[in-house]
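Presented below is the structure to which this report refers.
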Amino acid sequence: MIDNGNARKVVGLSPTRNQSFFGRDIVSVRQFSRDDLTYITQIADEMRALVRRVGATDLLKGHILANLFYEPSTRTSSSFIAAMQRLGGSVIPIHGVQYSSVSKGESLPDTIRTLECYADVIVLRHPEVGASEVAARYATKPIISAGDGVGEHPTQALLDLYTIYSELGALDGLHVAMVGDLKNGRTVHSLARLLRNYDIRMSFVAPEILRLPEALKQEVADAGRAVAETERVEDVIADADVIYVTRVQKERFEDLRQYEAVKGYYEITPELMARAQKKMALMHPLPRVGEIHYDVDDDPRAAYFRQVENGLYVRMALLAAVLGKA
Ligand code: NCD
């Protein structure tokens, strides 16, 4: 099936399932409305209660997920596997594409068309921007993007949103500061876009060469959201409700000398946290490579491992919704 945009895929016929998710691809946060986000948040809450109470269910028994990763991953790949298994489904894990026919030169469309013969849904991480849209055009089963190069990481943004809500109990009215590699960080690209749905003030904190792409900044401003830019965390630390820190994306640099020049630009320390609000959330998509000092981990505002856990609940919610079982 070519050029189907985000058309409904082959997962069943019931018209009563959630129209935004059932049988749909998840390739960009642009596709979500505020109602969609409320819906996923509610299902994620149910998944959290379910996991804490009984650990697992057989909601997706008999369903199979193909987990196709062309780039390294710890959290995203493991959480999709755990999510599928806790819902009673099973997984085809392809995490070293060097051991698959990709190393023989097989194209992405052929790999996708093969995997959908076995699986009901495909999770894809790929180094090229737009790869998940390409996969979605060829697939008759739902494609869920797990990150496409420097493009987007929609499921991470959903779990980030869920974490902000869980930590602070609100979204409207907040000041969210994003810190680090805003140029190459796909989690930031998706999160900034997603937060346009709320009355949120955004500050972008980055050195000159790692600034948020101008077009994306414009998208946020066009949505009527207040936007500020600075190079210094000190400018936002006292006022922000959320500090979202990111790693400098070494693998995206052509000139490693440039990476070396900016890699240690930010470090959140206990001293800096002493200047932050009493109620706020310090977040990071992880992995961290020096941006948050380990001494901050015991601070109750350090939310990054709760953020990891939330990834499980949000991905359970997404799999159930896409497969029409939420
Ligand atoms: C992020 C990614 O892969 O974009 N990791 C993740 O999925 N949690 C962030 C990063 O690699 O820096």
Side-chain angles (χ1 to χ4, degrees), residues 26-29 44 65 67-83 93-97 123-132 143-164 176 178-195 204-207 209-213 216 242-253 256 258-259 262-268 281-292 302-316 318-319:
I26 295 177
V27 292
S28 167
V29 294
L65 158 71
N67 221 27
L68 177 61
F69 280 68
Y70 289 73
E71 279 191 338
S73 173
T74 300
R75 278 149 289 270
T76 309
S77 64
S78 318
S79 61
F80 268 113
I81 293 172
I94 304 187
H95 295 139
V97 286
V123 170
L124 172 69
R125 171 170 287 186
H126 197 280
E128 281 164 35
V129 175
S132 37
I143 298 286
I144 301 179
S145 169
D148 61 336
V150 299
E152 279 220 31
H153 195 345
T155 69
Q156 177 73 40
L158 292 171
L159 77 89
D160 292 341
L161 184 88
Y162 182 67
T163 301
I164 296 173
V176 175
M178 302 183 200
V179 180
D181 189 348
L182 310 187
K183 177 178 179 221
N184 301 302
R186 55 193 172 198
T187 69
V188 164
H189 298 168
S190 285
L191 185 60
R193 254 183 211 124
L194 195 64
L195 294 184
F204 301 116
V205 185
I209 64 163
L210 299 180
R211 281 189 172 185
L212 195 76
L216 180 48
V242 175
I243 304 262
Y244 186 95
V245 187
T246 62
R247 168 181 74 92
V248 179
Q249 308 273 301
K250 183 178 182 184
E251 66 276 30
R252 313 291 181 207
F253 282 74
L256 275 185
Q258 283 202 339
Y259 167 73
V262 287
K263 71 171 187 200
Y265 212 88
Y266 299 109
E267 187 190 26
I268 306 294
L282 178 64
M283 296 172 59
H284 194 307
L286 304 180
R288 64 174 149 178
V289 286
E291 310 82 35
I292 299 180
Y304 26 95
F305 289 108
R306 292 189 291 277
Q307 196 179 344
V308 171
E309 183 182 333
N310 289 336
L312 173 67
Y313 309 135
V314 167
R315 288 177 175 130
M316 288 173 78
L318 287 171
L319 288 170

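Order of listing sets the numbers, starting from 1, for every ligand and every atom in it. Note that the numbering runs from 1 along the sequence shown for the chain.
We find that Arg186 and Glu251 are not joined by a salt bridge, their nearest charged nitrogen and carboxylate oxygen being 4.0 Å or further apart.
Arg75 and Arg315 make their closest contact through O-NH1, 4.2 Å (heavy atoms, listed as atom of the first residue, atom of the second, distance). Minimum interatomic distance between Ser145 and Thr155 (heavy atoms only, all atoms of both residues): O-CG2, 3.8 Å. The nearest pair of heavy atoms linking Ala146 to Phe69 is CB-CZ, 3.8 Å.
Side chain of Asp148 to backbone of Gly130: a donor-acceptor contact under 3.5 angstrom is found. Here the side chain of Thr187 pairs no donor or acceptor atom with the backbone of Ala157 at under 3.5 angstrom.
Near ligand 1, heavy-atom contacts under 4.0 Å come from Thr76, Arg125, His153, Gln156, Arg186, Thr187, Arg247, Gln249, Pro285, Leu286, Pro287.
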